[in-house]
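Data first, discussion second: the structure below is written as structure tokens.
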Amino acid sequence: MSTVRVRIAPSPTGFFHIGNAKTALINWLYARKMGGTFILRLEDTDTERSKDEYSDVVCGALLWLGIDWDEGPGFHGDPDMGAYGPYRQSQRTELYRREVQRLLDEGKAYKCFCTKEELDAERERATAEKRPPRYNKKCRDLTPEQVAAKGAAPFAVRFRVPEGFTEIHDLVQGVVRTENKEFDDFIIVKPNGDAIFHLANVVDDGLMKMTHVFRGDDHMTNATRHVMLFNALGYDLPRFGHLPMVLDEAGKKYSKRLHGANVLDWRDDGYLPEALVNYLVLLGWTPGDDREVFRPRELIEAFTIERLGQSAAKFDLKKLQWLNGQHIRLLSVAELRARLLPILEKQGFDLASKPDAWLTQMVGICQEKIKTLNEIVEYADFFFVEPTTYEEKAVKKQWEGADAPARMQAIRDIFAQTAEWSVETLKHAYEDLCAKTGDALGKYIHPTRLALTGKSVGPGLFELAELLGREACLARMDRAIDYIRNMKES
RNA sequence: GUCCCUAUCGUCUAGCCUGGCCUAGGACACCGCCCUUUCACGGCGGCGACACGAGUUCAAAUCUCGUUGGGGACGCCA
């Protein structure tokens with residue numbers, strides 16, 4: 001096992017954002033590629049967000065994507081996994097308190113007695129005057145006597161930003177140098193004693209011995225604050241890598257309210273996790289050759305941080321759909337079957353009465369055609385429900401001609417008379433018929449498809465007919481012939 | 001307002017570090033043709049981009065500077 005230690009630190013809000021998934025993926029890929037350790041940490045400092053069912057959603061999303069972790073919090077009473085716990089920030093408050101006291105003792109942080117109202121007013125004034133909103137450092141240099149005089153007044157703790165500049169050698173963005181004076185003395189502990197994100201994040205990453213931190217580049221400026229904190233606390237600095245964000249199709253920040261922002265939306269829409277994973281990784285990483293379709297295992301094999309891109313990418317549904325189709329075709333029939341059957345079941349179709357081999361065969365003849373799992377419903381419903389309506393346009397084309405009844409009757413005769421009910425014999429019978437009449441095969445195939453499925457598109461006709469069985473086909477032909485007769489009369 | 005990041009076909013990108021091989025390659029989408037019982041798959045072809053302006057150089061998509069566009073940060077949120 002290498003020394004690489006990386007993590008994903010979601011805040012359990014009952015929602016797992018697509019951008020978070022990309023971040024998780026990159027970290028996970030790197031850990032797996034390097035034989036390192038991938039850690040799950042729950043950033044639930046905000047007690048509002050620490051509900052159990054919320055973290056279940058986050059973990060569920062991760063697990064659905066196939067992202068597993070080596071260290072992390074225990075669930076449902078299980079103990080934590082790993083030696084650097086606890087892995088929930090809500091259980092690490094004592095650690096934060098201890099580390100902040102150190103900063104206070106060393107003069108690297110100080111107590112601030114300004115009230116929220118004062119600060120808000122100051123910030124508003126600054127914005128109105130088009131000045132950068134900065135803390136006025138009112139409490140920065142209070143003497144011990146002045147502090148003592150405050151008595152039991154509530155205070156926040158601020159980090160004393162040092163002089164000079166901070167340089168980050170970002171694995172993705174390159175060297176980023178910032179003057180420390182661009183930052184004000186930011187708060188690290190609220191008056192109620194809770195640690196602020198920056199503090200908790202750094203203490204956790206430091207104490208958990210993270211070697212690399214890959215995260216969204218919306219944290220780029222935070223990174224400077226974090227580096228200053230790392231140094232103040234005396235922790236080893238991890239390498240940072242700030243990944244470009246995922247934008248929506250319009251090029252805006254992918255809003256939480258948009259369908260698809262939640263990773264599990266894609267599961268519900270019939271996408272394969274391995275396809276989503278493949279797509280997300282391609283949004284900001286390329287293998288360097290022309291390959292685009294990767295199984296998770298192949299992704300791990302090919303992944304390198306050197307080939308990470310640095311500009312934001314728009315989400316493209318069409319490409320995801322294409323990739324999903326590719327992954328559906330990559331599946332074995334048995335695997336696809338396992339994913340499709342629950343969907344058909346949920347639809348209320350009667351699968352129990354179908355033989356095992358039949359179900360497998362049905363899945364097999366649909367595999368080349370569908371782009372999402374959910375499409376199977378629309379694509380194969382006729383196997384379970386006899387069509388009672390017919391596609392209007394197809395009716396016009398296939399059944400309105402004067403010779404339609406005769407052709408339908410000829411087809412019915414084949415169905416009734418053919419010795420063996422199989423793809424081959426059916427096909428030969430159609431071919432023989434066409435040889436006799438001089439018609440093209442389509443003249444008979446399309447009207448048949450319409451009668452059997454109600455649609456103009458679907459799996460290969462003979463394959464579908466074989467699965468439907470002679471009896472059902474005959475019944476559907478009769479119903480169609482009736483339908484055509486009524487059509488002519490009215 | 002201040003600071004940071006970013007910029008190649010409609011979209012994702014290769015090429016940029018180590019200028020010439022780039023009349024800029026691939027994929028999705030779109031269009032056409034082929035295969036074919038439909039759709040899909042597959043094959044072939046087409047459309048289509050170096051944001052702009054200076055500079056460096058014999059030579060710039062590639063290096064430098066500026067402009068513009070896009071994104072982000074500036075919380076007692078994470």
Side-chain angles (χ1 to χ4, degrees), chain A residues 9-11 13 43-46 48-49 89 112 114-116 119-120 123 126-135 154-158 168 170 172-174 176-179 181-184 186-192 194 196-198 200-201 216-225 242 244-245 247 249 251-253 279 282-293 307 309-323 325-326 329 366-371 379 394 398 427 430 434 440-446 448-450 453 455-462:
Chain A
S11 111
T13 54
E43 302 216 328
D44 58 350
T45 46
D46 191 340
E48 284 297 301
R49 306 186 184 186
Q89 288 190 332
C112 171
C114 299
T115 65
K116 187 169 178 23
L119 297 171
D120 287 347
R123 191 167 20 248
T127 311
E129 292 169 19
K130 306 214 169 201
R131 283 185 289 115
R134 296 273 167 74
Y135 173 56
F155 62 87
V157 178
R158 285 186 185 271
I168 295 165
D170 194 276
V172 178
Q173 309 290 357
V176 180
R177 182 189 157 124
T178 313
E179 296 296 328
K181 65 174 193 292
E182 295 297 337
F183 298 89
D184 54 8
F186 52 96
I187 287 177
I188 54 181
V189 179
K190 299 186 213 178
N192 70 5
D194 284 352
I196 286 298
F197 161 74
H198 301 297
N201 195 268
D217 70 6
D218 48 338
H219 282 297
M220 195 69 236
T221 46
N222 286 339
T224 302
R225 289 189 182 83
H242 287 91
M245 307 183 73
L247 272 19
E249 300 210 52
K252 299 285 172 209
K253 190 171 175 176
Y279 179 69
L282 252 24
L283 235 41
W285 175 84
T286 45
D289 52 39
D290 288 338
R291 286 178 301 165
E292 301 221 70
V293 182
R307 300 204 60 87
Q310 45 202 153
S311 55
K314 290 177 195 150
F315 199 94
D316 181 11
L317 179 63
K318 281 287 182 17
K319 186 138 187 181
L320 206 213
Q321 281 174 345
W322 170 78
L323 256 181
Q326 297 296 310
R329 260 140 248 144
C366 295
Q367 182 164 24
E368 289 293 307
K369 318 271 184 167
I370 54 176
K371 282 197 293 295
Y379 205 75
Q398 309 301 344
K427 187 166 189 209
Y430 269 66
C434 286
L441 259 187
K443 277 275 191 190
Y444 291 89
I445 282 172
H446 300 314
T448 315
R449 176 189 302 285
L450 189 56
T453 72
K455 306 169 212 253
S456 59
V457 305
L461 178 71
F462 303 117

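Labels below follow one simple rule: chain letters A, B, ... track the order of the sequence lines, proteins then strands, and each chain is numbered from 1.
Among the heavy atoms of the strands, none lies under 4.0 Å from Lys455(A). Among the atoms of the strands shown, only primed sugar atoms or phosphate atoms (P, OP1, OP2) are found under 4.0 Å from some heavy atom of Gln326(A). Using a 4.0 Å heavy-atom cutoff across all strands shown, Asn192(A) reaches no nucleic acid atom at all. The residue Leu461(A) sits close to a base: some heavy atom pair falls under 4.0 Å. Base engagement by Phe462(A) is indicated by at least one non-hydrogen atom pair under 4.0 Å involving a base atom.
Each of Cys114(A) and Ile370(A) was assigned the nucleotide of RNA chain B with the nearest heavy atom; the assignment lying further toward the 5' end belongs to Ile370(A).
The separation between Lys369(A) atom NZ and U38(B) atom P is 9 Å, rounded to whole Å.
In this entry U57(B) has no Watson-Crick or G-U wobble partner, no candidate having both defining distances under 3.5 Å. C28(B): Watson-Crick or G-U partner is G10(B), with both key distances under 3.5 Å. The base-pairing partner of C33(B), taking Watson-Crick or G-U wobble contacts with both distances under 3.5 Å, is G43(B). Figure legend. C3(B) is base-paired to G72(B); pairs are counted as Watson-Crick or G-U wobble with both atom distances under 3.5 Å. Nucleotide G19(B) has no partner under the Watson-Crick or G-U criteria, as no pair reaches both atom distances under 3.5 Å. Shown here, C77(B) forms no base pair; nothing in the strands shown gives a Watson-Crick or G-U wobble contact with both key distances under 3.5 Å. Summarising the base pairing, U67(B) is matched to A51(B) through a Watson-Crick or G-U wobble pair whose two defining distances lie under 3.5 Å.
In terms of phosphate contacts, Gln310(A) brings a side-chain nitrogen or oxygen within less than 4.0 Å of OP1 or OP2 of U6(B). For Gln321(A), no side-chain nitrogen or oxygen approaches OP1 or OP2 of C28(B) to under 4.0 Å. Regarding contacts with the backbone of U11(B), a side-chain N or O of Lys314(A) is found under 4.0 angstrom from either OP1 or OP2. For Arg123(A), a side-chain nitrogen or oxygen approaches OP1 or OP2 of C76(B) to under 4.0 Å. Residue Arg307(A) places at least one side-chain N or O closer than 4.0 Å to OP1 or OP2 of G15(B). Listed pair Lys190(A) / C77(B) meets the phosphate criterion, a side-chain N or O lying under 4.0 Å from OP1 or OP2. Between A14(B) and Thr286(A), a contact under 4.0 Å exists linking OP1 or OP2 to a side-chain N or O.
Taking only distance into account, the side chain of Arg134(A) never meets the base of U2(B) through a donor-acceptor pair shorter than 3.5 Å. Between the base of C12(B) and the side chain of Tyr279(A) there is no donor-acceptor pair shorter than 3.5 Å. Judged by atom type and distance alone, Lys319(A) reaches the base of A27(B) through a side-chain donor-acceptor pair under 3.5 Å.
As rounded to the nearest Å, C65(B) and U18(B) have P atoms that lie 15 Å from one another.
Using a 4.5 Å cut-off on side-chain heavy atoms (C-beta onward), Pro459(A) and Cys366(A) make contact.
Between Phe315(A) and Tyr279(A), the ring centre distance stays below 6.0 Å.
Using a distance-only test at 3.5 Å, with no hydrogens or angles considered, no donor-acceptor pair links the side chain of Gln321(A) to the main chain of Lys371(A).
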